[in-house]
Enquirer: 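Below you'll find the structure I mean.
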Amino acid sequence: MLPRDHEGRLLLKGVPRPQLLAWAAEQGLRPGQADALWAALYRKLRSDFAVMPELDRAVRDGLAATARLDALRLESVKQAADGTSKLVFATDDGAAVESVLIPGPERATLCVSSQVGCAMNCQFCLTATMGLARNLGAAEIVDQLVIARRRFPDVWISNVVFMGMGEPLHNLDQVLPAIAVMVDDHGLGLSQRRVTVSTSGLVPQIRRLVAESPAQLAVSINATTDEVRDAIMPVNRKYPLAVLFAALRELPLARRARVTLEYVLLAGVNDSLADAERLAEWVRGLPCKLNLIPWNPHPGSEFRRPEPEQVAAFKAHLQGLRLNTSIRATRGDDTMAACGQLGRAPAESPRRPRRPHGLPVIAS
Ligand code: SAH
């Protein structure tokens with residue numbers, strides 16, 4: 001059984017190949033026609049049943065009458081001065097879903113969303129101010145990649161990171177099949193080493209992700225004491241640092257080798273050299289790489305980005321402790337496409353003010 005949209009049309013996208021081929025066989029498609037359908041969706045990136053020369057006329061007409069192709073509609077593309085593009089998609093129910101295409105020297109990364117809004121309420125993130133509207137379906141997740149490839153035929157999008165809007169591990173039932181489609185060799189063909197799922201630290205779901213998917217894992221750490229992490233990431237009250245790191249140490253990571261640990265740097269909150277020391281203690285013996293993200297501002301927030309010298313000193317300190325540490329270049333911030341800048345700006349959606357509530361230290 002395939003999922004259906006609100007008008008009862010079958011959603012072909014986001015269904016892993018074995019299931020789609022089984023469904024096609026039930027519908028009476030010959031195996032060659034079922035393979036051709038898969039190729040039409042994910043290799044040819046077709047947007048219209050009428051233009052599928054690889055399918056027999058009868059099959060095409062049958063699909064056109066009962067199924068739909070794209071689950072999302074590309075509404076706008078905003079290119080930032082640095083070449084990053086923010087893609088805004090519209091869902092059937094009028095929500096906006098954002099992806100960010102980040103070109104590199106040879107290949108590009110697409111940062112995809114897994115939810116409309118987010119329920120995690122991280123205090124430094126713009127998406128959090130929206131609250132959670134709903135989960136995206138697997139079709140809507142996969143379509144971000146399909147439509148980006150269609151729109152940018154000359155860009156080789158080889159990497160996908162689940163670092164857009166939402167907490168992907170709150171939506172694993174849709175994220176797992178979407179990943180299966182993305183890494184399928186006969187279709188979108190991403191290497192499983194080039195699909196990364198980032199989480200704020202939902203411990204049971206981390207275990208499920210690792211058990212059920214080939215994707216790489218990234219975890220947003222963002223603080224080195226429970227006091228600070230409780231204040232900026234409410235998830236920490238449920239899964240505190242010791243619980244999170246104990247779980248990470250026990251993961252069967254053979255194929256994935258190393259976990260990426262993200263660390264958003266907030267001036268005066270978590271960017272001291274004492275934090276660097278504590279971070280090194282937490283990760284001791286854990287195969288990981290650290291990715292520092294200088295905080296990206298958004299209207300209404302009172303956090304600050306550390307000065308470049310502080311970022312460099314933090315990184316150098318960790319490297320001195322022999323930790324593999326990189327700084328994530330800020331990309332796309334003039335179009336609000338950088339990390340933590342996706343979603344409606346608070347001006348359009350008045351909610352509580354974003355103040356770093358109850359934090360121990362806020363330098364001004
Ligand atoms: N929910 C997932 C993925 C989405 S956010 C997660 O929490 O990991 C992707 C990364 O951006 C996370 O590491 C998050 O901590 C970081 N982030 C959020 N807001 C940010 C901001 N304003 N500036 C820089 N990084 C931010």
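Residue numbers run from 1 in the order of the sequence given. Every number for a ligand or one of its atoms is a count from 1 in the order of the listing.
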Enquirer: For ligand 1, which atoms have a heavy atom of S200 less than 4.0 angstrom away?
Expert: 6 (C), 7 (O), 8 (O)
Enquirer: Once you restrict to heavy atoms under 4.0 Å, what part of F303 touches ligand 1? Side chain, backbone, both or neither.
Expert: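 No part of F303 is near ligand 1 at this cut-off.
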Enquirer: Just checking, is any N or O donor in the side chain of E167 or S200 under 3.5 Å from an acceptor N or O on the other one?
Expert: yes
Enquirer: Quick one: nearest non-hydrogen protein atom to atom 19 (N) of ligand 1, plus distance?
Expert: G340 CA, 3.1 Å
Enquirer: G164: heavy atom below 4.0 Å from ligand 1, yes or no?
Expert: yes
Enquirer: Can you figure out which of I232, L126, N296, T196 has its heavy atom closest to atom 24 (C) of ligand 1?
Expert: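 Among I232, L126, N296, T196, the closest heavy atom to atom 24 (C) of ligand 1 comes from N296.
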Enquirer: Which protein heavy atom lies closest to atom 2 (C) of ligand 1, and at what distance to 0.1 Å?
Expert: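 Going atom by atom, the protein heavy atom closest to atom 2 (C) of ligand 1 ends up being S198 O, 3.2 Å.
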Enquirer: Mark the output for G166 as yes if a heavy-atom distance to ligand 1 is under 4.0 Å, and as no if none is.
Expert: yes
Enquirer: Which residue supplies the protein heavy atom nearest to atom 10 (C) of ligand 1, what is that atom called, and how far is it?
Expert: E262 OE2, 3.6 Å
Enquirer: So, using salt bridge (charged side-chain N to carboxylate O under 4.0 Å, His left out) as the criterion, who are the partners of D226 when residues are at least two apart?
Expert: none
Enquirer: Using the test salt bridge (charged side-chain N to carboxylate O under 4.0 Å, His left out), find all partners of R328 that sit at least two apart in sequence or belong to another chain.
Expert: E262
Enquirer: State the atoms of ligand 1, each with its element, that fall below the 4.0 Å cut-off from a heavy-atom position in E167.
Expert: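 Contacts of ligand 1 toward E167, numbered from 1: 1 (N), 2 (C).
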Enquirer: Give the residue and atom name of whichever protein heavy atom lies nearest to atom 13 (O) of ligand 1, and the separation in Å to one decimal.
Expert: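 Ranking protein heavy atoms by distance from atom 13 (O) of ligand 1, first comes S220 OG, 2.7 Å.
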Enquirer: If we count only N and O atoms by modelled type, under 3.5 Å, do the side chains of E277 and H317 hold a donor and an acceptor together?
Expert: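 Side-chain D/A pair, E277 to H317: present.
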Enquirer: Compute the shortest N/O to N/O distance between R328 and ligand 1 and return yes if it is under 3.5 Å, no if not.
Expert: no
Enquirer: Applying a 4.0 Å heavy-atom criterion (strictly less than), which segment of T199 is in contact with ligand 1: side chain, backbone, both, or neither?
Expert: backbone
Enquirer: Checking Q144 against S99: is there a side-chain donor and acceptor pair closer than 3.5 Å?
Expert: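 Yes, Q144 and S99 have a side-chain donor paired with an acceptor closer than 3.5 Å.
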Enquirer: May I have the step-by-step check of side chain to side chain donor-acceptor pair (under 3.5 Å) for R229 and N222, ending in yes or no?
Expert: CA-CA 7 Å; R229 200 162 186 272; N222 299 353; over 6 Å; no
Enquirer: Can you list the atoms of ligand 1 that are under 4.0 Å from a heavy atom of C125?
Expert: 18 (C), 19 (N)
Enquirer: Between P294 and ligand 1, does any nitrogen or oxygen pair lie at a separation below 3.5 Å?
Expert: no
Enquirer: Do you see a donor-acceptor pair shorter than 3.5 Å between the side chains of N291 and S326?
Expert: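 Result is yes, a qualifying pair exists.
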Enquirer: Can you tell me which residue and heavy atom of the protein come closest to atom 9 (C) of ligand 1, and the distance to 0.1 Å?
Expert: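 In this structure, atom 9 (C) of ligand 1 has M163 O, 3.7 Å as its nearest protein heavy atom.
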Enquirer: Is it true that T84 and D82 share a donor-acceptor pair across their side chains at a distance under 3.5 Å?
Expert: yes
Enquirer: Ignoring hydrogens and geometry beyond distance, is a side-chain donor-acceptor pair present between D230 and N236 at under 3.5 Å?
Expert: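 Side chains of D230 and N236: pair found under 3.5 Å.
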Enquirer: Please identify which of these residues, T91, D143, V88, meets the side chain to side chain contact (heavy atoms under 4.5 Å, CB included) condition with V97.
Expert: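 Of the listed options, the one satisfying the test is T91.
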